[in-house]
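So the structure is just underneath, and the comments pick up after that.
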Amino acid sequence: MKKKINVTIFLLSLIFANILWISLGTVANAEEVIPAGYHEYTTTEEESIDHWYGIAKGAYLKDGICTIKRAGTAKMSVSGTTTAHAICDKVKVGVYLNESSDGGSSFGTIGSYYFSRDNASSCYGSKIEISVTSGWYYYASAGHSVTKGSTTEMMSTHTDAIKAS
């Protein structure tokens, strides 16, 4: 009887190990790509923008934009856009608000905002009038990704810091 139980446990262990191996193989087949491109920065006292343009021929990820702007006294707004060359299974943008109390020497993330769309060629998201501390510096960063089949292309953008009024 004890031998039957040991054999059963051994067989179940083999089945479990094979299930894990198959699932890991599926994940390993997913391809993550960081396409070639360039950034164009625009900054004023009121607003800062990082616009990334993809230059890889045949890539899915077309461009990504990250913006921060003053929205009044002790208020900031952030936004992000991800655009693909064609309709993709999933298009995402995650926007992060970062602050510095020491004049811009070091920053910490104080807000994260995530947006996604299925079967689309673009995704836009924003968070407006976020309460911040007057006189401190803030910048936005964003992660952009598009997924088509088993291929995911991704890249990031970040603005320059601006001072809250």
Side-chain angles (χ1 to χ4, degrees), residues 24 27-165:
L24 287 175
V27 172
N29 288 336
E31 181 182 4
E32 292 183 357
V33 178
I34 299 174
Y38 64 95
H39 295 265
E40 185 176 276
Y41 298 94
T42 306
T43 302
T44 67
E45 276 189 21
E46 300 293 319
E47 177 179 53
S48 182
I49 302 167
D50 178 4
H51 191 160
W52 176 86
Y53 298 91
I55 58 173
K57 183 178 179 183
Y60 298 112
L61 188 56
K62 181 178 179 183
D63 70 349
I65 303 169
C66 180
T67 303
I68 185 169
K69 73 171 58 169
R70 287 186 187 161
T73 304
K75 302 265 188 209
M76 290 286 186
S77 294
V78 295
S79 65
T81 304
T82 302
T83 308
H85 286 289
I87 293 176
C88 292
D89 300 333
K90 189 167 284 288
V91 182
K92 297 180 186 179
V93 62
V95 183
Y96 307 90
L97 177 61
N98 306 280
E99 81 176 351
S100 174
S101 61
D102 61 7
S105 295
S106 62
F107 285 85
T109 301
I110 62 166
S112 305
Y113 314 98
Y114 303 100
F115 310 93
S116 70
R117 289 187 60 205
D118 294 330
N119 300 316
S121 61
S122 67
C123 179
Y124 169 80
S126 67
K127 180 71 173 170
I128 60 171
E129 298 183 359
I130 304 163
S131 294
V132 296
T133 304
S134 286
W136 288 19
Y137 285 87
Y138 295 86
Y139 82 91
S141 55
H144 309 270
S145 72
V146 296
T147 301
K148 180 88 171 175
S150 63
T151 300
T152 298
E153 294 180 350
M154 60 186 79
M155 51 77 52
S156 61
T157 54
H158 61 86
T159 67
D160 290 329
I162 59 176
K163 192 174 185 179
S165 57

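For clarity, every value in this text was computed on a predicted model and none was experimentally measured.
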Can you name the residues that form a side-chain hydrogen bond (donor to acceptor under 3.5 Å, both in side chains) with S156, not counting sequence neighbours? none

Taking T159 as the fixed residue, which of I65, I68, I49, V78 is the one that meets the side-chain contact (heavy atoms from CB on, under 4.5 Å) rule? I68

Between the main-chain N or O of E45 and the side-chain N or O of K163, is there a donor-acceptor pair closer than 3.5 Å? no

d(H85 NE2, E153 CD) to nearest 0.5 Å is 8.0 Å

Nearest-0.5 Å distance, OG1 of residue T82 to NZ of residue K62: 13.0 Å

CE on M154 to CD1 on I34, rounded to 0.5 Å: 7.0 Å

For H39, which residues count as a side-chain contact (heavy atoms from CB on, under 4.5 Å) partner, sequence neighbours excluded? Y41, D50, W52, M155, T157

Under the 3.5 angstrom rule, does the side chain of T147 hit a backbone N or O of T152 as a donor-acceptor pair? no

Rounded to the nearest 0.5 angstrom, the NZ-CD1 distance for K148 and I87 is 7.5 Å

Closest non-hydrogen atoms of C88 and V146, given as atom of the first, atom of the second and distance, are SG-CB, 4.3 Å

Run the salt bridge (charged side-chain N to carboxylate O under 4.0 Å, His left out) test against E40 and tell me which residues pass, sequence neighbours left out. none

Non-hydrogen atoms of H51 and D63 that approach each other most closely: NE2-OD2, 2.9 Å

With D160 via side-chain contact (heavy atoms from CB on, under 4.5 Å) - residues at least two apart: T43, S48

Non-neighbouring partners of E47 that pass salt bridge (charged side-chain N to carboxylate O under 4.0 Å, His left out), sequence neighbours left out: K69

Counterpart residues, side-chain hydrogen bond (donor to acceptor under 3.5 Å, both in side chains), relative to S141 (two or more places apart): N98

CZ of F115 to NZ of K92: how many Å apart, nearest 0.5 Å? 14.0 Å

Under 3.5 Å, sequence neighbours excluded: what are the donor-acceptor pairs made by side chains of residues 123-133?
| from | atom 1 | to | atom 2 | distance (Å) |
| --- | --- | --- | --- | --- |
| S131 | OG | K75 | NZ | 3.2 |

Can you sort out the partners of S134 under side-chain contact (heavy atoms from CB on, under 4.5 Å), two or more places apart, ordered by chain and number? T73, A74

Quick one: ring pair (Phe, Tyr, Trp, His ring centres under 6.0 Å) partners of Y137, sequence neighbours excluded? none

Counterpart residues, ring pair (Phe, Tyr, Trp, His ring centres under 6.0 Å), relative to Y138 (two or more places apart): none

Scan residues 111-120 for pairs that pass side-chain hydrogen bond (donor to acceptor under 3.5 Å, both in side chains), counting only residues two or more places apart or in two chains. K90-D118

Enclosure of I110 CD1 (heavy-atom neighbours >12, cutoff 6.0 Å): yes

Minimum heavy-atom distance between S106 and S100, given as atom pair plus value: O-OG, 2.8 Å

If I compare all heavy atoms of D89 with all of G149, which pair ends up nearest, and what's the gap? OD2-N, 2.6 Å

What heavy-atom pair brings F107 and A161 nearest, and what distance separates the two atoms? CZ-CB, 3.8 Å

Those residues at least two apart in sequence (or on a different chain) that pass side-chain contact (heavy atoms from CB on, under 4.5 Å) with S101 are W136

